[in-house]
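Each chain gets a letter, A, B and so on, in the order its sequence line appears, and its residues count up from 1. These numbers come from a predicted model, not from an experiment.
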Amino acid sequence: MCLGIPMQIVEINGYTARCEAKGVERDISLFMLQDDAVEPGDYVMVHVGYAIQKISEQDARSSWELFDEILAAESALSNA
Amino acid sequence: MSLNAQQWLQQIRQLPLPEKVRIMNVCGGHERSITQAGLRSALPDNIELIPGPGCPVCVCPEEDVYEAIQIALNEEVILVAFGDMLRVPVNVRKSEVRSLEQAKARGADIRPVASPTDVVRIARDNPDKDVVFFAAGFETTTAPVAAMLAEGVPDNLLLLLSGRLTWPAVAMLLASDEPGFDCLVAPGHVATVMGAKEWHFVVEQHQLPAAVAGFNNESLLAAFYSSLRQLLEDKPFLDNCYPELVTEEGNAQAKKHLYEVMQVTDANWRGIGTIPASGFGLTRKYTAHDARLKYPGYQDEARKRAGEMPPGCDCARVVLGKIYPTECKLYGAACTPRNPIGPCMVSDEGACRIWWSNVRKPAA
Ligand code: SF4
């Protein structure tokens with residue numbers, strides 16, 4: 001629940017943004033970022049379907065790596 | 001220039017550390033990163049990394065889970081909750097329904113959700129039924145729940161709110177005779193939403209070193225290094241080792257919605273007791289969405305369950321960082337993720353679950 005996932009905005013429609021991370025697309029609420037200028041191409045940190053903050057592309061990529069490591073480690077264990 | 005994990009480790013190894021330093025984290029995400037990356041064994045032996053109150057599912061009191069189960073079983077509603085909550089057991093007789101998952105098996109309409117936006121969709125798709133959203137979580141979850149209400153929801157969407165603030169549990173520990181830690185690593189995403197400033201009290205009132213950390217090794221190690229240096233130099237301050245996201249004030253929009261929709265209340269924490277000003281209730285404007293007001297019939301029964309814990313479950317001491325998961329007698333024996341006795345073995349953020357999925361070894 002508490003592990004945020006960075007996603008890239010593909011398209012914005014009102015307070016809803018189509019976002020993408022590692023090939024998966026989701027509708028994300030921008031309601032908590034309504035004062036911020038966000039546009040397609042930007043990266044956001046997402047918690048339970050809500051963008052909580054804008055982040056840089058570099059930071060998004062480093063969190064994705066962390067995610068891959070966690071998933072890899074967990075699947076290695078559960079297949080063991 | 002930022003250092004990589006190896007360089008941070010070297011920096012830490014070069015510090016003239018005392019015999020024992022205990023660094024507490026209060027975030028399931030931190031504990032996951034630490035355990036998964038094996039940071040405990042990479043750090044010098046005198047550094048103890050203690051998982052503290054960082055799992056919202058684990059502190060959700062028995063009476064709230066019981067109330068959710070009863071509403072789902074007895075009322076014509078759809079009950080939705082974050083997936084973790086469904087498997088949390090309450091301590092009732094074996095013949096009774098012990099979890100939302102069991103209630104679902106008995107025919108109650110219970111659905112796991114991943115986001116408040118899912119809940120709004122379910123409420124729109126089912127206008128003839130009340131949709132009760134059992135929402136447990138810390139600020140990172142409770143703020144989105146508030147945003148959902150602030151944006152506007154259908155009348156049939158009701159909240160069974162079990163939100164908690166993170167810092168009051170730390171304040172309670174620090175005010176006790178035996179806090180059990182020497183440095184604090186503050187949770188990065190809670191601080192992203194609420195602002196780093198919530199954590200100044202650790203330094204100002206208790207003179208304890210503190211650093212806000214993100215979730216990769218570099219940020220966590222930077223926070224450990226910073227707090228250790230603060231300790232050694234006896235100059236505590238609140239360091240921000242997650243400046244990519246965390247600011248002093250946090251997300252102003254998110255906080256505005258949060259305090260428009262909710263007010264801070266005293267709240268019970270599972271196995272721990274009442275912590276002043278540590279929970280949330282709905283403000284007057286939103287009382288029409290309060291499931292506890294619409295379905296009040298279960299509260300007396302639920303309240304009697306306050307303080308209940310399964311026999312032998314040491315979750316409360318695990319949550320408070322008093323013992324490690326492996327020190328619970330049930331860990332890995334009677335209690336495993338497949339057959340959990342306490343919520344700390346259910347939730348992805350529970351220390352028992354995290355340790356079991358990464359290390360597995362029973363007590364050393
Ligand atoms: S191992 Fe199980 S019973 Fe023991 S503290 Fe953890 S969750 Fe509770």
If one checks every heavy atom of B:Ala147 against chain A at 4.5 Å, the contacting part turns out to be both
Side chain, backbone, both or neither: which part of A:Asp35 has a heavy atom under 4.5 Å from chain B?
both
Assign the ring pair B:His189 / B:Tyr242 to parallel, tilted or perpendicular, where the plane angle (0 to 90°) is split at 30° and 60°.
tilted
Side chain, backbone, both or neither: which part of B:Ala143 has an atom under 4.5 Å from a heavy atom of chain A?
both
Positive for side chain to side chain contact (heavy atoms under 4.5 Å, CB included) with B:Arg87, one of B:Val57, B:Leu100, B:Val346:
B:Val346
Determine whether a donor-acceptor pair (N or O, by modelled atom type, separation under 3.5 Å) exists between the side chain of B:Thr192 and the backbone of B:Gly188.
yes
Pick from B:Ala37, B:Ala114, B:Pro116: which one has the most heavy-atom pairs with chain A under 4.5 Å?
B:Pro116
So does A:Ile12 get a backbone contact from the side chain of A:Thr16, meaning a donor-acceptor N/O pair under 3.5 Å?
no
For A:Ile55, is it the side chain, the backbone, both, or neither that has a heavy atom closer than 4.5 Å to a heavy atom of chain B?
side chain
Using heavy-atom distances under 4.5 Å, tell me whether B:Ala150 contacts chain A through its side chain, its backbone, both, or neither.
both
Please examine the side chains of B:His257 and A:Phe31, heavy atoms only from C-beta on, and report whether any two atoms are closer than 4.5 Å.
yes
Keeping B:Asp64 on the side-chain end and B:Cys60 on the backbone end, is there a donor-acceptor pair under 3.5 Å?
no
Considering only heavy atoms and a distance below 4.5 Å, find which of B:Leu245, B:Thr117, B:Asn216, B:Thr247 pairs most often with chain A.
B:Leu245
